[in-house]
Amino acid sequence: MEARKSCGYLMDYLANQILAFIKDHPESAAFVIGITAFGESFVFLSLVFPGTAILIASGTLIEAGILDPTSPIVAGIVGAVFGDAISYWLGQKFGPFLPKIWPFRTHPEHLVLGMRFFQRYGASSVFIGRFFGPLRAIVPLAAGMLHMPPLRFYTANILSAIVWAPALVLSGDLLARSLGPENLATKILYVTLLAAAATVLGPWIWRQFFAR
């Protein structure tokens, strides 16, 4: 329990530091948000990277006039597509070896979860999995391991990224607007907390509607 709390505090700190950097250096925002979306979608970073919270909270900077909406959304889409694409490629090329390395060596249930989900929903799993933290980066890996045709994979990958990245960034913008005349720091705090709650709810929603 203490380890989980420490990890949570570390992720919150990391998210706040990245948001502070984007606020102070808006000219680098697209690059940072693209890397963030990549980290959230790449199999070996997604489990420990607070990408969802950062993408949602970055929407507060749109509401504040620091960022325009186009560049973070486009960067988020591109980063997400590349994150899934590399996870898929790793599954294709190194599938038999993956259960022997971190994090699957110590947590094999993550890989089993992704493979079962893919086997159950097929190509749709790549699209659906994008929106659930436990599955986001594991399903593309499983798709590669189970030899999903590239055209079907990239279609689902790109379409899901086109929905996912704008949904996160613009939801942060809308949440910030709904908070009214609060100062920017307060808005970032509230939106980051709401984003963290949404991240926690993702596994619960998956268990309720998809794990049966």
Side-chain angles (χ1 to χ4, degrees), residues 7-8 10-12 14-15 17-19 21-22 28-58 72-115 117-118 123 125-148 150 152-169 195-196 198-199 202-203 206:
C7 183
L10 179 61
M11 292 176 72
D12 287 344
L14 179 60
Q17 291 298 109
I18 292 174
L19 287 167
F21 179 85
I22 293 172
S28 301
F31 175 76
V32 174
I33 290 172
I35 293 296
T36 297
F38 173 84
E40 184 70 359
S41 304
F42 179 55
V43 64
F44 294 110
L45 293 177
S46 182
L47 296 174
V48 295
F49 192 71
T52 296
I54 294 167
L55 287 168
I56 294 175
S58 69
I73 287 174
V74 172
I77 292 170
V78 172
V81 168
F82 274 99
D84 270 20
I86 294 178
S87 297
Y88 171 73
W89 178 81
L90 288 173
Q92 284 183 312
K93 299 296 182 182
F94 304 105
F97 302 101
L98 294 174
K100 303 174 185 178
I101 62 175
W102 183 90
F104 308 119
R105 184 178 65 249
T106 53
H107 297 284
E109 69 276 8
H110 293 315
L111 190 55
V112 172
L113 170 69
M115 296 184 75
F117 191 79
F118 177 79
S125 66
V126 178
F127 188 96
I128 297 169
R130 173 81 74 185
F131 300 90
F132 296 95
L135 298 167
R136 184 172 299 116
I138 304 297
V139 169
L141 189 75
M145 293 174 70
L146 296 174
H147 310 294
M148 181 178 182
R152 296 178 66 188
F153 170 78
Y154 282 105
T155 299
N157 177 17
I158 293 169
L159 289 177
S160 64
I162 288 172
V163 176
W164 177 75
L168 293 186
V169 175
T199 301
W206 179 84

Would you list the atom pairs, donor with acceptor, under 3.5 Å between side chains in residues 88-95 and any protein atom, with sequence neighbours excluded?
unit_1 : atom_1 : unit_2 : atom_2 : d
Tyr88  : OH     : Gln92  : NE2    : 3.2
Tyr88  : OH     : Met148 : O      : 2.5

List the atom of [X], the atom of [Y], and the distance in Å for their closest heavy-atom pair.
X: Leu135; Y: Gly114; answer: CD2-CA, 4.5 Å
X: Gly76; Y: Trp164; answer: O-CZ3, 4.5 Å
X: Phe117; Y: Gly129; answer: CE2-N, 4.2 Å
X: Phe118; Y: Ala142; answer: CB-CB, 4.3 Å
X: Ala137; Y: Ser46; answer: CB-CB, 3.6 Å
X: Ala85; Y: Phe153; answer: CA-CE2, 4.1 Å

[atom1]/[X] to [atom2]/[Y] distance, rounded to the nearest 0.5 angstrom?
X: Arg130; Y: Leu159; atom1: CZ; atom2: CG; value: 10.0 Å
X: Ser87; Y: Phe82; atom1: OG; atom2: CZ; value: 13.0 Å
X: Ile18; Y: Thr36; atom1: CD1; atom2: OG1; value: 5.0 Å
X: Phe132; Y: Leu113; atom1: CZ; atom2: CG; value: 11.5 Å
X: Ile56; Y: Leu19; atom1: CD1; atom2: CG; value: 11.0 Å
X: Ile162; Y: Asn157; atom1: CD1; atom2: CG; value: 9.5 Å

Between Ile73, Val163, Thr52, Ile33, which is the residue that forms a side chain to side chain contact (heavy atoms under 4.5 Å, CB included) with Leu168?
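Only one of Ile73, Val163, Thr52, Ile33 forms a side chain to side chain contact (heavy atoms under 4.5 Å, CB included) with Leu168, namely Thr52.
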
From Ile86, Val81, Asp84, Val78, residue fulfilling side chain to side chain contact (heavy atoms under 4.5 Å, CB included) relative to Phe38:
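One option only clears the test, and that one is Ile86.
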
Under 3.5 Å, is there a donor-acceptor pair between the side chain of Thr106 and the main chain of Pro103?
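Indeed, once roles are kept as given, a pair shorter than 3.5 Å links the two residues.
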
Side chain to side chain, Phe44 and Ile101, heavy atoms closer than 4.5 Å
yes

